[in-house]
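Below is one structure, written out as structure tokens; the observations come after it.
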Number of protein chains: 2
Amino acid sequence: MSVEEIQKARAVVNFSRENLESVLKRRFFFAPSFELYGGVSGLYDYGPPLCALQANIIDVWRKHFILEEDMLEVDCTMLTPYEVLKTSGHVDKFSDWMCRDLKTGEIFRADHLVEEVLEARLRGDEEARGLVKDANANAQDDADKKKRKKKVKEIKAVRLEDAVIKEYHGVLAKIDGYSGPELGELMVRYKIGNPVTGEPLEAPRAFNLMFETAIGPSGQLKGYLRPETAQGQFLNFNKLLEFNNNKTPFASASIGKSFRNEISPRSGLLRVREFLMAEIEHFVDPENKQHPRFNEVKDIKLRFLPREVQQAGSVDPVETTIGEAVASKMVDNETLGYFIARIYLFLMAIGVDPLKLRFRQHMANEMAHYAADCWDAELKTSYGWIECVGCADRSAYDLTVHANKTKEKLVVRQKLDEPVQVTKWEIELTKKLFGPKFRKDAPKVEAFLLDLSQEQLETKSKELGSKGKIVFRIEGIEGDIELDDKFVTIEKKTRTEHVREYVPNVIEPSFGIGRIIYSVFEHSFWARPEDTARSVLSFPPLVAPTKVLLVPLSNHSDLTEVAQKVSKVFRKEKIPFKIDDSGVSIGKRYARNDELGTPFGVTIDFETVKDGTVTLRERDSTKQVRGSVSDVIKAVRDITYNGVSWDEGTKHLKEFVTLSE
Amino acid sequence: MSVEEIQKARAVVNFSRENLESVLKRRFFFAPSFELYGGVSGLYDYGPPLCALQANIIDVWRKHFILEEDMLEVDCTMLTPYEVLKTSGHVDKFSDWMCRDLKTGEIFRADHLVEEVLEARLRGDEEARGLVKDANANAQDDADKKKRKKKVKEIKAVRLEDAVIKEYHGVLAKIDGYSGPELGELMVRYKIGNPVTGEPLEAPRAFNLMFETAIGPSGQLKGYLRPETAQGQFLNFNKLLEFNNNKTPFASASIGKSFRNEISPRSGLLRVREFLMAEIEHFVDPENKQHPRFNEVKDIKLRFLPREVQQAGSVDPVETTIGEAVASKMVDNETLGYFIARIYLFLMAIGVDPLKLRFRQHMANEMAHYAADCWDAELKTSYGWIECVGCADRSAYDLTVHANKTKEKLVVRQKLDEPVQVTKWEIELTKKLFGPKFRKDAPKVEAFLLDLSQEQLETKSKELGSKGKIVFRIEGIEGDIELDDKFVTIEKKTRTEHVREYVPNVIEPSFGIGRIIYSVFEHSFWARPEDTARSVLSFPPLVAPTKVLLVPLSNHSDLTEVAQKVSKVFRKEKIPFKIDDSGVSIGKRYARNDELGTPFGVTIDFETVKDGTVTLRERDSTKQVRGSVSDVIKAVRDITYNGVSWDEGTKHLKEFVTLSE
């Protein structure tokens, strides 16, 4: 059944998150972790159907990206020492703002608190003005929809001044953009404290979202659980380049768990503390971001929400081809555009509704300072538009900071066809003088001088020329340091270079697998209009947890025997299947299975005993056809793995008409 | 090439761990994590070939166990709250003994320290007696072999008394069995301190091997990284049972990372702080541990090292069938035996040398107190015999402790064909009297009484009869508690039961994937006798990282074009391959590839341009045959995935004779 047909069915029976969650829970797709012990928020266990779905999605991902593009997969550790994440910037910047109530010990995430309190006051004002009847009931509805625990327990009907209302709306529109101190000021200005007691809170403090631990017995090697898989890939850059016979561009990829110690997680699978990521780091020449296969994708039409449209306050997407988007410079470069299109194709393959997908460009203030451009694949769910895949041009940032910190070069050396003349400032040190003068500080001073940039060298050269010495300070060494031209010479030199050395830029498509899966749940879920209690999860056969349900019509021993034989054939042919020989009615067994998203049912009846034929049922349309076991297996394989349609795949099988299920 | 042939080659060229490690490093199978930052011991990153090898081994595992036996796969979180691991016993017992040098801050693992110091003294004695020339050089050799950093830096040639020598040997033989206090006594008795300074150390302290962290912003929810995947499976028992339509026996399975904060990791991939496990929990009726498919494996011959043989000080395995081993009660039950045989078949499929595999039974003092029986699959490597798979009967322990702690039943309810009469002691409480008497402690007292075992109830019943009251104490409540028969009645009652309720026992096969992989490396590695610099990793085609290397004979544009076409066919047919169009000689390209363990080479030459035929080369024998691309692909597929031999798979292809490589 096509996406359009599901949409038709949905026009009759509205999507209900409650029903979806009830099915997901009843069929053990997932459950809160440690539920026996009361659970831990933000942690979920995956049951058998979701494990299989996830494994299939990862398998598609691996083939679509790693195999198709010859990427180099690496599997790096989650435990990461402090130094690495200090250098990458995570120790200083990977945080949310929290405020503590020193009396009760409660902790609030500052931006969420300000948002909720101001919203509550606006609701109270509406009630006071007689615009709504019961602001508390409405707020409860909203909280239910957003699956939030309400912080503001009771809304008071208090009228606000018009100017204040305008201010509040202004703040709410920008709520995602405030720094901690700014949030603190808002809390003071609007007298926002603990919503229950009214008492003031501590000023917002940065709470680092990484889980901290100690590696080894001494407790002195501080480490974290990685917040992303990317750093491990960057640190292995030199080995990967060598493994790739020093050819560029190339990409590495990692699939693995990452961690984020959310202050107060909510929204089910969308915001969790432990999650599966799949990340690609594509290393490319900064001077040439063309992509050899861009031609293959250039005509794909996508919905974009570029920066300008957002700035104009609009959410109407621009629909255009990725070729046009790159040509017009809306998308920065071909490689970034190529991956955006490939992300789209991947999402289509695993069951995302194309009408619920858009690519949103990051606003300038959202992006890391080093990023050249960044687009998120956002999927629409009942929680709103959710960022599920990021696709960023991280420039040379990561390799540069790690190289600077460790003094190891992380560069590509490209042999030039024609040697070039390069003119550069160069510094030379008379090292034998440094030891006697600086003693233990000598290496520090030498390193400082050798690290000077071209601009700094130019300045210092002038200083040396005019004053006969250079003067500078180094952190950790007291006082000015003065060196004359016996110690250093700084000159502009021209050399012939046969090799160009550059730090590659990184294009990073980064997938949050759990968020994608939750969106696929919502996009695939519908109820049969003829019997709204019967829900279906219409996963594409390619990723469905199980492909076939084998159903013996009854427990008659003749049928059980044949069912065993048919099972063996399915197992030999490596079609993932389940047998359901429970006594319940065929209709009930199919219904149970529709909820598990199994695309095909194969029924074994007394005809099977006679002539070896079975019926094949399609989940979405409930159409049935009949044929030999081997013909049915061929149809299942073609439809599941070779992209063949139902009509095409079953054209050699006989139509089989039953009474309605 | 068969295992026997590799062994023949090895008889000519000895196995060298140094050479293996050099290949594994050069081909980026793995590397120390964070090497740029100096590395962190016990953490390794997997590069592209090992990622692919691991993914293939996991795929075989999943098919061999999960699909073949319809197991229920779950994926639980690694972050685990304190309470769960307190209940499971890990908080109290999952530890090694360490001693700290309070002056230098150094930390030693107590058992390793005692072992090494006594061994060094014995070596020194040998030198003093003139039995060896240079004990220090020998010790260094040994340390190199074991990849240990030597704690004892210098061995002094000091003669020991004969009685002392005997004592030392006695201690060393039992070194794995000492408790912390016992190790402390040994250190005092034999004056073992810091081997460098000679100063005494702190007494051994238990060091818990779990990584600790805090979940959430308050820092008050203590958590750990899981030390095994098993607990998540136990906690989901009720959901799994329901998912399985309440049928038993059934098994769950998990594949995922676990963590162990080793005091001082060594031995490369064999002892790491973060590792991939694959664990099965098979839930079975304690009164019936037969297995319906035992018949299929009963004739498999295995090498066992049962408890009795070890007690007799022997390491000669008993070779017998698993059927015989279970019949003779050497292996406790059929289900345990079934899994031992299935473990064997799995290890054979992925390239373990059968002559380097034995099943060793745990000694009574090695097993957890609750375990009914436990066998380790041990693989022989240059580090000795390594425990790679555990196969334990954990009895009802885990489900029982979690049920007791959480007051949730974790049981199977079996409808009885015939109702049975059951006579049991029953206690009844007059609850309305408990509140007034015990106030806030009332629930505690009630729970205590309702938890009494049959034996305890019998005793208390007698006490109530003879003294008219029962007296007891409860932790956390001061003083004696006295209750008369107005509060409680305890009587023996006979009831008719239609349902049997039982806590299932758990048979747990638990796989350390990294250790298995390292052993497969050693078992697969050999050098060509005709050119010992040429190493080969003879992975079975099924698990080899890449199946085919495509080699255009030269960079001639005709060949490049054909190579592109052939690549497309291989990609369409989903055969994992790599193309090597680097300029180096064909021999060099094959040699590089032998080190990567790629089983097949396909060469594209000028004949290919003319008639579309290619040559197919087998890695181990270097035999070549020739045929059309589709025939060659069929041969590759049959040999790789369908268990067909080289001779059988290539019988329709023409022999192709080349000069030696």
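A, B, ... follow the sequence lines: proteins, then strands. Residue 1 opens every chain.
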Chain B interface, residue from E408(A), E106(A), E212(A), M98(A) that has the most non-hydrogen pairs under 4.5 Å: E212(A)

Pair K578(A)-D70(B), side chain to side chain contact (heavy atoms under 4.5 Å, CB included): steps then yes or no: CA-CA 8 Å; K578(A) 293 265 174 201; D70(B) 247 338; 3.1 Å; yes

Options P49(B), P81(B), A55(B), ranked by heavy-atom pairs under 4.5 Å with chain A, top entry: P81(B)

CZ-CD distance between R26(B) and E242(A), expressed to the nearest 0.5 angstrom: 10.0 Å

Between CD on residue E274(A) and OG1 on residue T80(B), distance to nearest 0.5 Å: 8.0 Å

Contact class of Q54(A) relative to chain B, heavy atoms under 4.5 angstrom: side chain

Nearest-0.5 Å distance, OG1 of residue T77(B) to CZ of residue R273(A): 11.0 Å

Option in F30(A), Y37(A), F259(A), Y44(A) with maximal non-hydrogen atom pairs under 4.5 Å from chain B: Y37(A)

Interface moiety of L596(A) toward chain B, non-hydrogen atoms closer than 4.5 Å: side chain

Interface residue of largest heavy-atom contact number with chain B, from T87(A), D59(A), I66(A), under 4.5 Å: T87(A)

Most contacts with chain A, counted as non-hydrogen pairs under 4.5 angstrom, among L67(B), L221(B), D96(B), I107(B): I107(B)

Top of M71(B), R571(B), R62(B), M78(B) for chain A proximity - count of heavy-atom pairs under 4.5 angstrom: M78(B)

Heavy-atom pair of closest approach, residues P217(A) and I263(B): CD-O, 3.3 Å

Distance in Å, L36(B) CG paired with N238(A) CG, rounded so as to fall on 0.5 Å steps: 7.0 Å

Atom of G47(B), atom of V74(A) and distance for their closest heavy-atom approach: CA-CG1, 4.2 Å

Segment of S33(A) engaging chain B (4.5 angstrom heavy-atom cut-off): side chain

For chain A, the option from L43(B), L79(B), L72(B) that forms the most heavy-atom pairs under 4.5 Å: L79(B)

Gap separating the CG atom of D580(A) from the CG atom of N245(B), nearest 0.5 angstrom: 6.5 Å

Pairs of heavy atoms under 4.5 Å with chain A: top-ranked of V272(B), L240(B), N208(B): L240(B)

Residue V40(A) versus chain B: region with a heavy atom under 4.5 Å: side chain

Per-residue contact mode, L225(A) against chain B (heavy atom under 4.5 angstrom): side chain

Selection from A31(A), S41(A), C51(A) maximising heavy-atom pairs under 4.5 Å formed with chain B: C51(A)

Segment of E68(A) engaging chain B (4.5 angstrom heavy-atom cut-off): both

Ion pair D581(A)/K247(B), N-O distance below 4.0 Å: yes

Side chain, backbone, both or neither of L50(B) within contact of chain A (heavy atoms, under 4.5 Å): neither

Pick from F211(A), F207(A), F34(A), F243(A) with the largest number of heavy-atom pairs that fall under 4.5 Å of chain B: F34(A)

Contact origin within R592(A) toward chain B - heavy atom pairs under 4.5 Å: side chain

Interatomic distance, Y224(A) atom OH to T213(B) atom OG1 [nearest 0.5 angstrom]: 10.0 Å

Which portion of K405(A) sits near chain B, non-hydrogen atoms under 4.5 angstrom: side chain

Q231(B) portion near chain A, given a 4.5 angstrom heavy-atom threshold: neither

Closest non-hydrogen atom pair, A214(B) against N261(A): O-ND2, 3.4 Å

Best-contacting candidate, K63(B), K257(B), E262(B), K407(B), against chain A by heavy atom pairs under 4.5 angstrom: K257(B)

Side chain, backbone, both or neither of R109(A) within contact of chain B (heavy atoms, under 4.5 Å): neither

N246(A) versus chain B, the contacting section by heavy-atom distance below 4.5 Å: neither

